[in-house]
Amino acid sequence: MNQQDHFYQRVYQVVAAIPRGCVTTYGEVAMLAGSPRAARQVGGVLKRLPEGSKLPWHRVVNRSGKISLTGPDLHRQRRALLAEGVDVSEDGRISLSRYRWHI
DNA sequence: AGCGTGACTCCTC
DNA sequence: AGAGGAGCCACGC
């Protein structure tokens with residue numbers, strides 16, 4: 001993979017590299033993907049993942065340490081995180097200082 | 001070629 | 001802390 005790849009391909013790589021039990025932010029993914037101000041678009045990429053994707057999309061939260069999804073989707077992401085040991089409050093809050101992934 | 005759209009972020013109160 | 005507003009930018013149409 002090189003720097004000419006489409007944005008979404010780079011997002012795939014970055015998200016795939018997030019270790020189990022850790023989280024990171026949309027902005028961080030955007031930065032590591034080489035487009036530091038495209039955080040919104042990261043959300044767009046994850047939203048359109050194919051159904052059977054193995055990408056750990058649930059390890060991406062927003063800058064304030066909260067799950068950005070709502071309703072049943074929020075619940076789905078929360079369960080996925082709880083399953084790998086990340087403590088998520090019922091409204092989707094996560095302690096970034098505790099779980100944040102940095103290289 | 002625009003233009004509307006967000007699973008966002010930053011800045012200011 | 002947290003709400004409100006403006007900026008951003010890859011995508012789809």
Side-chain angles (χ1 to χ4, degrees):
Chain A
M1 295 285 178
N2 60 50
Q3 54 182 332
Q4 300 244 24
D5 291 329
H6 288 265
F7 182 71
Y8 75 85
Q9 293 175 308
R10 288 179 284 177
V11 169
Y12 268 53
Q13 296 174 60
V14 174
V15 174
I18 308 172
R20 234 184 109 85
C22 295
V23 300
T24 190
T25 66
Y26 296 96
E28 179 81 2
V29 173
M31 184 173 67
L32 294 174
S35 189
R37 281 169 275 173
R40 293 187 85 132
Q41 195 57 27
V42 172
V45 170
L46 297 185
K47 180 182 194 171
R48 302 192 314 272
L49 285 181
E51 186 123 354
S53 175
K54 293 190 175 90
L55 212 66
W57 57 270
H58 55 276
R59 298 181 189 146
V60 187
V61 299
N62 67 31
R63 194 54 208 269
S64 52
K66 231 183 126 192
I67 292 178
S68 284
L69 296 176
T70 58
D73 292 329
L74 163 70
H75 193 251
R76 195 174 310 120
Q77 182 168 6
R78 177 169 184 261
R79 251 187 313 127
L81 287 170
L82 289 174
E84 26 185 85
V86 177
D87 187 20
V88 191
S89 73
E90 225 173 288
D91 63 339
R93 288 200 121 291
I94 299 167
S95 170
L96 270 190
S97 59
R98 186 166 157 203
Y99 295 108
R100 181 137 152 93
W101 166 58
H102 41 14
I103 304 184

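Protein chains get the first letters and strands the later ones, always in sequence-line order, with residue 1 at the start of each.
Residues Ala30(A) and Ala39(A) approach most closely at CB-N, 3.7 Å, considering heavy atoms. Of all the heavy atoms in Val86(A) and Leu82(A), the pair that sits closest is O-CD2, 3.4 Å.
Nucleic acid contact for Ser35(A): sugar-phosphate only, since backbone atoms but no base atoms lie under 4.0 Å from a heavy atom of the residue.
Taking 4.5 Å as the limit, every side-chain heavy atom of Val23(A) sits out of range of all side-chain heavy atoms of Trp101(A). Counting heavy atoms from C-beta outward, Tyr99(A) and Leu81(A) have side chains that stay 4.5 Å or more apart.
The OH-C1' distance, from Tyr8(A) to dG12(C), rounds to 14 Å in whole Å. Between the CZ atom of Phe7(A) and the P atom of dG6(B) there is a distance of 17 Å, rounded to whole Å. Rounded to whole Å, the distance from CD1 on Ile67(A) to P on dA7(B) is 15 Å.
Residues from residues 45-54 of chain A with heavy atoms under 4.0 angstrom of DNA chain B, sorted by number: Leu46(A), Lys47(A). Listed in residue order, the members of residues 74-92 of chain A having a heavy atom less than 4.0 Å from DNA chain B come to none.
For Ser89(A) (side chain) and Arg93(A) (main-chain N/O), a donor-acceptor pair under 3.5 Å exists by modelled atom type. In this structure, the side chain of Gln41(A) does not engage the main chain of Ala38(A) through any donor-acceptor pair within 3.5 Å.
Taking Arg40(A) as the reference, nothing meets the side-chain contact (heavy atoms from CB on, under 4.5 Å) condition, with sequence neighbours excluded. Arg37(A) meets the side-chain contact (heavy atoms from CB on, under 4.5 Å) test with no other residue; sequence neighbours excluded.
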Throw together a table of side-chain donor-acceptor distances under 3.5 angstrom for residues 55-74 of chain A, partners on residues two or more places apart or in other chains.
| residue | atom | partner | partner atom | Å |
| --- | --- | --- | --- | --- |
| His58(A) | NE2 | Glu84(A) | OE1 | 3.1 |
| Arg59(A) | NE | Glu84(A) | OE1 | 3.4 |
| Arg59(A) | NE | Glu84(A) | OE2 | 2.8 |
| Arg59(A) | NH1 | Ile18(A) | O | 2.7 |
| Arg59(A) | NH2 | Glu84(A) | OE1 | 2.9 |
| Asn62(A) | OD1 | Ser64(A) | N | 3.1 |
| Asn62(A) | OD1 | Ser64(A) | OG | 2.9 |
| Asn62(A) | OD1 | Gly65(A) | N | 3.4 |
| Asn62(A) | OD1 | Lys66(A) | N | 3.1 |
| Asn62(A) | ND2 | Lys66(A) | O | 3.2 |
| Asn62(A) | ND2 | Ser68(A) | OG | 3.1 |
| Asp73(A) | OD1 | Arg76(A) | NH1 | 2.6 |
| Asp73(A) | OD1 | Arg76(A) | NH2 | 3.2 |

- [ ] Let me see the working for Thr24(A) and Val29(A) under side-chain contact (heavy atoms from CB on, under 4.5 Å), right down to the final yes or no.
- [x] CA-CA 7 Å; Thr24(A) 190; Val29(A) 173; 3.7 Å; yes
Open item on the list: What does the B/S/- profile of nucleotides 8-13 of chain B look like, 5' to 3', with a 4.0 Å heavy-atom cutoff to protein?
Closed with: BSS---
